[in-house]
Every structure is written in C-alpha cells, then in structure tokens.
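The structure appears below as structure tokens.
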Amino acid sequence: MAGRRSDAVTQGPGRAPHRSLMNALGLSPSDANRPLIGIANSYNELIPGHMHLRQLAEQVKFGVWQGGGVPLEFNVIGVCDGIAMNHRGMKFSLVSRETIADSVEIMVEGHGLDGLVLIPNCDKVVPGMVMGAVRVDVPTAVISGGPMLPGEHRGRKVDLKDVFEAVGQYFAGSMDADELAELEGSACPTCGSCAGLFTANSMSCLTEVLGFSLPGDATIPAVYSSRLALARATGAQAVEVVKQEWGARRYITEAGLRNALALDAALGCSTNTVLHLEAIAGEAGVALPLESFNEVSGRTPQVVKMSPAGAHYMDDLERAGGVMAVLNRLSERELVDGSTPTISGGSLRDQYQARPVRDAEVIRPFDRAYNQTGGLAILYGNLAPRGAVVKEAAVLPEMLVHSGPARVFEDEASAVSAIEAQAIRPGDVVVIRYCGPKGGPGMPEMLTPTSALAGLGLDDSVALVTDGRFSGASRGASIGHAAPEAVDGGPIALVEEGDIISIDIPARRMTLEVAEAELETRRSAWRPPVLETGGVLGRYVAAVSGAEEGAVLRVKPAAPREGI
C-alpha cells in the first residue's frame, strides 16, 4: 500500500513523542507498523439498542487483531428517539446526527487513523457515523448492534409502536390501565433497535445494500450469538479494507444509491431514510434528486411488509434470508445493479446470489407483491413546492386519496392535546407546523400524534401534514418534510383553520385549495417567528438546510472583522 494515514503519527524520529504516548496506551513498538483501526462505538446505558455494544466491540477488536491491525476504541453520543419523543428532548435528536458525524471526522483526523469499524444502532447514529466516514473517505466497515426481538402480548407479537398506539386506546376508553401496564412491560423484551422496520433498522438495511457491512448485519437479532461471530469477521475484514485502500466514498455512487432506493421501496422503509440518504450522498458530493425516490419506487414492487405496516418483524426477515434475499428477489426483474462493490471484496451480486429466499410469505414473489410500487412517495403541489414525504406502504387504501378541512396547530403538543380530547373528527387534515429543521428546531419526530390517531381508530379517516418528520414506527396518511418549512415562509405557514387540503398519493400531489391571490394576501401579512439562538440548537438553526436537502449543515464563510 502507498503509505498509511497513521504514518503521520507513528513513523520517523520526529514522531518519538507520539510513539511514547502510544507506549502509555500499552501498545508495543511493533504495533506502530500495523494499521490503526478506530472502533467507533455508540455504547451507552440510555438506549436499549446500545446497551450491549461493549460486548460487540470486544469481538470486533479480536477480529482486528486477528487481521493484523491495532484496534483503538472511542465513543460517540446517541439519542433514543423513543425516550426523547413528545418533549423538548426530541429537538436534539436530528441535531445529534451532525455531532456524531463531526465526532467521527475529528477522531479520524486528530489521530491519523487508517480505518474505521462503526458500531452504531438506532436512528441518527447509523447515518451520522456513515456521514463522518464518507466525509473523510477513510476505509470503513460497519457492524450494527442488531434489532430487538418482538414482544408478545395476549397471543400476538408486539413492539414499541403498539405501546404508543395503546395510549390512544387508553384515552378512548378501549383499553384499561392494567392492560396498558401489561403491554408496557412486554413490548420491548431484549436489547437492540426496535423490532419493526423503523428508522434504525431501515438505515441498517440501506447500509448493508450500499456495501458497508457483511451480509446479515441488518437483520441478525441483537441477542443472537451469530452477531458476535459477524462482529469478529467484520473486524478482520476492516483490516483488509484498509490494505486495499477502499475509502468510504467507494460505495456512495449513483448505482449504489439507486440500489439503496430499490431496497427502500421493496421493504417500505421509514420516511427518515430520505433525509439520511440525501445527507450521506451530499457528503460524497453525489447528487440525489428527490425525484429519484419516485422514479425508483414507481418501478419497484413492495415485496416485504413489516411493522408498523405489516405483521412481520426483523427476526422474520432474517429467517427469510435477510437483505440479500430481498435483493435476490429484486434481481429477478433486474431491479438491482449487482456490480457495485462491498467490503467483502466481492460484488453485491456475489452476496445476494448466495442468499435465496427462504420464506415466500415474508419476501413475496412479484405476482403476490403487496404493492406494485414501492413504499415511499414524494408529493408535490402548492402546499409543498419542494416536496413532502409519505410512507405509502403504511397508508390504508381508503386514505390514499383524501380531501378535508385543515385543523391547524402551531406545535405538536397542542395537536396531541386536541387528539386526546377527541376534538379531531373523521375527514379532518391535521396540520402541525413550525416543526421543520429550523422551526422545531431540530425537525422533531412525531410518533405520539400518529399513534394517538391510530389508537382512536382515526387512521382510516384523518390525515396529518407537517414540516416536521415522523418516526419510522408511524403509520397512516402521515405526510412530513413539507418544504419549504413554515419558518421560512413556506405555504404550510399560510394554512388557516378550515381550508380544504386535497391529497392524492398515487398521483404524488398535495394541494391547498385556496386561490393564489388569497395566499399572496396571507403571505404579505405573515411574520416569521423568533428562532432559538442559544446553545447547540441556536448553532443548528443558523446553519441547517431544508429537509429537501437532507437537513444538513451548510458551511458559511466567517464574516470579515475590522481591525482594532
């Protein structure tokens, strides 16, 4: 290989002080001649998806030593979206993605690391780590913490989504406090990312198809011993990735991203994947127009349907053959480009051809596909000129086309109060605004209102539109990311109580049925709200882009300073 990054800190007489400090770490002089592999571990004791990652990291380190490298572990932060939901904490969730990416960049550059093994789990940690790795283009392998097993409640499988929806049932009087407590105690039975195809597991699936992880990474449950073996193999392969000088940008190509969109469509992934794929592509300097999601979805049938939209869970997908088996199915119609590279050294085709479908009920054939188009849709119209996102796979058929009066709320809390007070009626369109990247700030995720509507039995008659975003566990006609956001004067800021909003998901349209002249009058009278300026949220507001660009931080040149 042509010289390692770590040579800048390990080689030559001038680096004697650096090697002295490495001695203090317990490393031997010969270790300075091995590749230095950073183990980016998101372990903490606040997130169920992360509580077991110390054990996983030890197996990764064994693998790195076996492969001939030196493993050096460091940690990054993480936010549990479930715990942060529906209070001020949710403002910090998407913000954490940028901090995680920055942390990876800082640790790689600050210590001259030759390569990385990323150990993420949960929503913002997976994309945040990948963004950081792609930014510095360092050779990288990923081993996630794996999904949680589903719980069981009175003879049926359940997950966290069911607890959120049960709160709505409790307020509606269809579930008593004892059953709610019983469900609360059984829905999340193990460590790991939540058992359904929510954002964390969606992103792990996309990381696997992009080529960053070995087959099985997205679907092997967190508690299975086979994940430990996969961690060791990933650690060893990370050293080979460094030797081959396969930088992280190798996997972020137009073909690789289209494969990710095809898998996203076939599985019916979380709407948050739009934000994260846009952000990852941006770090690599690869254009990913929003229209690409509709284009790929339009020709990719949905062949898998998992919670929150269906009855299957991540352990079912693993049993059926995992991500590679889904790609094998897609290859039957040439919907995936098998020539893209992977960290294994072989092509994506090599990997998916070795994984046939083992359960045709979990991964359906095309003639029994759930839908002939994919799971996500980007809607346009005068209410969202730059686009809005809906998980079409989780929308009931009767809500694919809907028109109704707007019920307007300036924040999530007031909307939830109205829903719980049963002030929302069948046919309404709930509008929650000032929740975008700047307005939230942090584009807070909303599982509580969508779950409350479902729990009250209104998911077949009420739509929800916001410039914020939704949990991957949300279902129903929940349309998010409306851009431009309200705080920037986007049309969602001009909606008034009772305005008719028409939604046509198959036609990819969302229309505010108000004359343009009236909207101009409202626009002239509109005044922007005061934005948060202090702390990390203030810095985020000052630099964040719109949702249609992935809610990434723009780099702004410093203002010139006058001399003293």
Side-chain angles (χ1 to χ4, degrees), residues 1 4-5 35-41 56-57 59-71 104 108 113-121 125-127 129-146 203-220 226-253 255-257 259-260 263 277 280-281 283-284 286 322-324 326-327 336-355:
M1 26 185 312
R4 297 188 296 255
R5 287 171 176 261
L36 303 185
I37 311 296
I39 313 298
N41 189 356
L56 209 63
Q59 298 301 316
V60 169
K61 287 188 275 188
F62 288 153
V64 170
W65 282 118
Q66 289 171 344
V70 177
V104 170
V108 169
L113 299 177
D114 296 306
L116 284 170
V117 178
L118 308 179
I119 311 179
N121 232 23
V125 186
V126 180
M129 283 192 174
V130 172
M131 286 166 64
V134 170
R135 185 183 300 168
V136 294
D137 198 23
V138 67
T140 299
V142 177
I143 171 73
S144 75
M203 287 308 303
S204 288
C205 289
L206 300 187
T207 301
E208 188 172 327
V209 70
L210 285 170
F212 280 104
S213 51
L214 296 176
D217 178 57
T219 53
I220 296 173
S226 53
R227 180 158 289 278
L228 300 178
L230 187 68
R232 286 195 302 277
T234 301
Q237 191 60 28
V239 182
E240 181 63 21
V241 170
V242 170
K243 291 177 180 177
Q244 297 296 331
E245 300 182 341
W246 292 335
R249 294 190 185 185
R250 177 176 186 249
Y251 311 101
I252 310 301
T253 63
L257 289 167
N259 284 343
L263 180 68
L277 283 175
I280 291 168
E283 293 288 357
V286 178
V323 165
M324 291 301 142
V326 179
L327 297 177
V336 60
D337 184 340
S339 69
T340 57
T342 71
I343 63 164
S344 69
S347 68
L348 190 65
R349 181 181 294 108
D350 294 332
Q351 293 187 167
Y352 66 65
Q353 285 184 340
R355 295 289 181 105

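The structure presented is a predicted model; accordingly, all values stated were derived computationally and were not measured. Starting from 1, each residue takes its place in the sequence as its number.
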Are Val138 and Leu113 close enough, and set up right, to give a side-chain contact (heavy atoms from CB on, under 4.5 Å), and what steps lead you there? CA-CA 8 Å; Val138 67; Leu113 299 177; 5.6 Å; no
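Contact annotation: the side chain of Ile39 approaches that of Ile119 to within less than 4.5 Å [non-hydrogen atoms, C-beta and beyond]. A 4.5 Å side-chain heavy-atom check between Leu56 and Leu228 finds at least one atom pair inside the cut-off.
With hydrogens and angles disregarded, a donor-acceptor distance shorter than 3.5 Å links the side chain of Arg249 to the backbone of Val134. In this structure, the side chain of Asp114 does not engage the main chain of Ile37 through any donor-acceptor pair within 3.5 Å. The backbone N or O of Asp337 lies less than 3.5 Å from a partner atom in the side chain of Asn259, making a donor-acceptor pair. One N or O on the side chain of Asn121 and one on the backbone of Gly146 form a donor-acceptor pair closer than 3.5 Å. Using modelled atom types, one side-chain atom of Arg227 and one backbone atom of Ser144 make a donor-acceptor pair closer than 3.5 Å.
A search for side-chain hydrogen bond (donor to acceptor under 3.5 Å, both in side chains) contacts involving Ser347 returns Asp350, not counting sequence neighbours. The side chain to side chain contact (heavy atoms under 4.5 Å, CB included) search around Gln351 returns Pro215, Met324, Thr342, Ser344, Leu348, not counting sequence neighbours. A search for ring-ring contact (aromatic ring centres under 6.0 Å, His included) contacts involving Tyr251 returns Phe212, not counting sequence neighbours. With sequence neighbours left out, the side chain to side chain contact (heavy atoms under 4.5 Å, CB included) criterion links Ser213 to Val142, Thr207, Glu208, Asp217.
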Scan the side chains in residues 60-69 for donor-acceptor partners under 3.5 Å anywhere in the protein, sequence neighbours excluded, and list what turns up.
| residue | atom | partner | partner atom | Å |
| --- | --- | --- | --- | --- |
| Lys61 | NZ | Glu58 | OE2 | 3.0 |
| Lys61 | NZ | Glu73 | OE1 | 2.7 |

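Screening residues 131-144 for salt bridge (charged side-chain N to carboxylate O under 4.0 Å, His left out), with sequence neighbours left out, gives Asp102-Arg135, Glu105-Arg135, Arg135-Glu283.
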